[in-house]
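Here's the structure, in structure tokens; my notes come after.
Sequence positions, counted from 1, serve as the residue numbers for this chain.
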Amino acid sequence: MRIANLSAWVMAGIISLTGSLALAEDVAGRPVDKGLNFQRAVTEVARDIHWLDDFLLIIVTAITIFVTLLLAIVIVKFNRKANPTPAAFTHNAVLEVVWTAVPVLILVMIAIPSLRLLFLQLDVPEPDLTIKATGNQWYWSYEYPDAGIEFDAVMLQKDELEASGYTADDWLLATDTRVVVPVNAVVHVVVTASDVIHAWAIPSFGSKIDAVPGRLNETWFRAEETGVFFGQCSELCGMNHAYMPIVVEVVSQPDYDAWVQSQQALNDGEPTKLAATE
């Protein structure tokens, strides 16, 4: 009976885990309750990050299994009872060459896709749009230099979510204003900070870059789907570090053009705080 109950619990756990993983993969732009996998990628960079993670997992798993088997062989074959008279040799030249060469080859296998991914992340293509993001304690400020638009993005409280078009599940993720960008456009993001180190991160984009006071860092993304994508400051920056989320809304090009025109008309060329777009 106990074995049957244990089996039932194990199967339930597997089903629950599988469901969580599948749900996490199906949802782009936001974290999922009990999800253990990455958020679904909507950029080339994010897909390459996920592929590299899977590739490294395969290598690490193979190494772990191999070392475990070696330990088991040593324990069984070379314990005092099975091998009362141990060998007296001190080294094996062939073995030493193998255990030096094989790790080098493994590192080369890891280095090639790693460097390719690093180059892809840091080599910003010709941008269609440039945005400056400035981290503050504890909110983000944004500028669209080519459009003359500026605004702050502050986390909404629970009682403010519904009025801004969010649900209760968006608490700690939603802001009063959103970064709006066109779909399939190369967005160049210039990042800095006004006080301490922050980090601008959107998991579904594969974007994460430190915002350092007195320094300009840069990243980029090209979102391939429309929708609302959430991120958060990913560098410990003080008491309210957990309360400075990031929201990026990806829209069609006509909708983006209309949004820009509406904001320019709203502030008449003067930087001001923008209302959340719906």
Report task. Determine which pairs satisfy ring-ring contact (aromatic ring centres under 6.0 Å, His included) with at least one residue from residues 205-226, sequence neighbours left out, and list them in order. Result -> F205-F221, F205-F229
Which heavy atom in [X] sits nearest to a heavy atom in [Y], and how many Å separate them?
{"X": "W51", "Y": "P113", "answer": "CZ3-CB, 3.7 Å"}
{"X": "A46", "Y": "S204", "answer": "CB-O, 3.5 Å"}
{"X": "G206", "Y": "I49", "answer": "O-CD1, 3.7 Å"}

Report task. List the steps, then state whether side-chain contact (heavy atoms from CB on, under 4.5 Å) holds for T192 with N217. Result -> CA-CA 6 Å; T192 188; N217 284 336; over 6 Å; no
Query raised in the report: What residues join V60 in its hydrophobic cluster, counting side-chain heavy atom gaps under 4.5 Å, either direct or through other members?
Result: none
Report summary line: Connected to W99, directly or through other members, by ILVMFWY side-chain contacts below 4.5 Å are L95
Query - S141 side chain to N136 side chain, donor-acceptor N/O pair below 3.5 angstrom - result: yes
Query raised in the report: Between Q253 and D257, is any side-chain donor less than 3.5 angstrom from a side-chain acceptor?
Result: yes
N/O donor-acceptor pair under 3.5 Å between [X] side chain and [Y] backbone:
{"X": "E160", "Y": "Q157", "value": "yes"}
{"X": "S164", "Y": "L161", "value": "no"}
{"X": "D176", "Y": "V154", "value": "yes"}
{"X": "Q137", "Y": "C237", "value": "yes"}
{"X": "D123", "Y": "L120", "value": "no"}
{"X": "Y144", "Y": "V180", "value": "yes"}

Straight-line distance of [X] [atom1] to [Y] [atom2], nearest 0.5 Å:
{"X": "R215", "Y": "I197", "atom1": "CZ", "atom2": "CD1", "answer": "9.0 Å"}
{"X": "I246", "Y": "T175", "atom1": "CD1", "atom2": "OG1", "answer": "9.5 Å"}
{"X": "M155", "Y": "L172", "atom1": "CE", "atom2": "CG", "answer": "5.5 Å"}
{"X": "F38", "Y": "H50", "atom1": "CZ", "atom2": "NE2", "answer": "5.0 Å"}
{"X": "L122", "Y": "T219", "atom1": "CG", "atom2": "OG1", "answer": "8.0 Å"}
{"X": "L52", "Y": "L56", "atom1": "CG", "atom2": "CG", "answer": "4.5 Å"}

Query raised in the report: Which residue pairs pass the side-chain hydrogen bond (donor to acceptor under 3.5 Å, both in side chains) test with at least one member in residues 56-67, sequence neighbours excluded?
Result: none
Report task. Scan residues 66-95 for pairs that pass side-chain hydrogen bond (donor to acceptor under 3.5 Å, both in side chains), counting only residues two or more places apart or in two chains. Result -> none
Query raised in the report: Do the rings of Y142 and F151 sit parallel, tilted or perpendicular, given the 30° and 60° boundaries?
Result: tilted
Requested in this report: Test side-chain contact (heavy atoms from CB on, under 4.5 Å) on V228 and R178 and set out the steps.
Outcome: CA-CA 9 Å; V228 178; R178 304 174 185 175; 3.7 Å; yes
Report task. Check the pair Y166 / V247 against side-chain contact (heavy atoms from CB on, under 4.5 Å), numbers first and verdict last. Result -> CA-CA 12 Å; Y166 294 101; V247 183; 4.0 Å; yes
Report task. Inspect the contact between R30 and D169 and indicate whether a charged nitrogen and a carboxylate oxygen are less than 4.0 angstrom apart. Result -> no
Report task. Run the numbers on V187 and D128 for side-chain contact (heavy atoms from CB on, under 4.5 Å), then give the verdict. Result -> CA-CA 6 Å; V187 181; D128 300 306; over 6 Å; no
Query raised in the report: Does anything in residues 221-235 pair up under salt bridge (Lys or Arg N to Asp or Glu O under 4.0 Å), and if so which pairs, sequence neighbours excluded?
Result: R40-E225, R47-E224, R222-E224
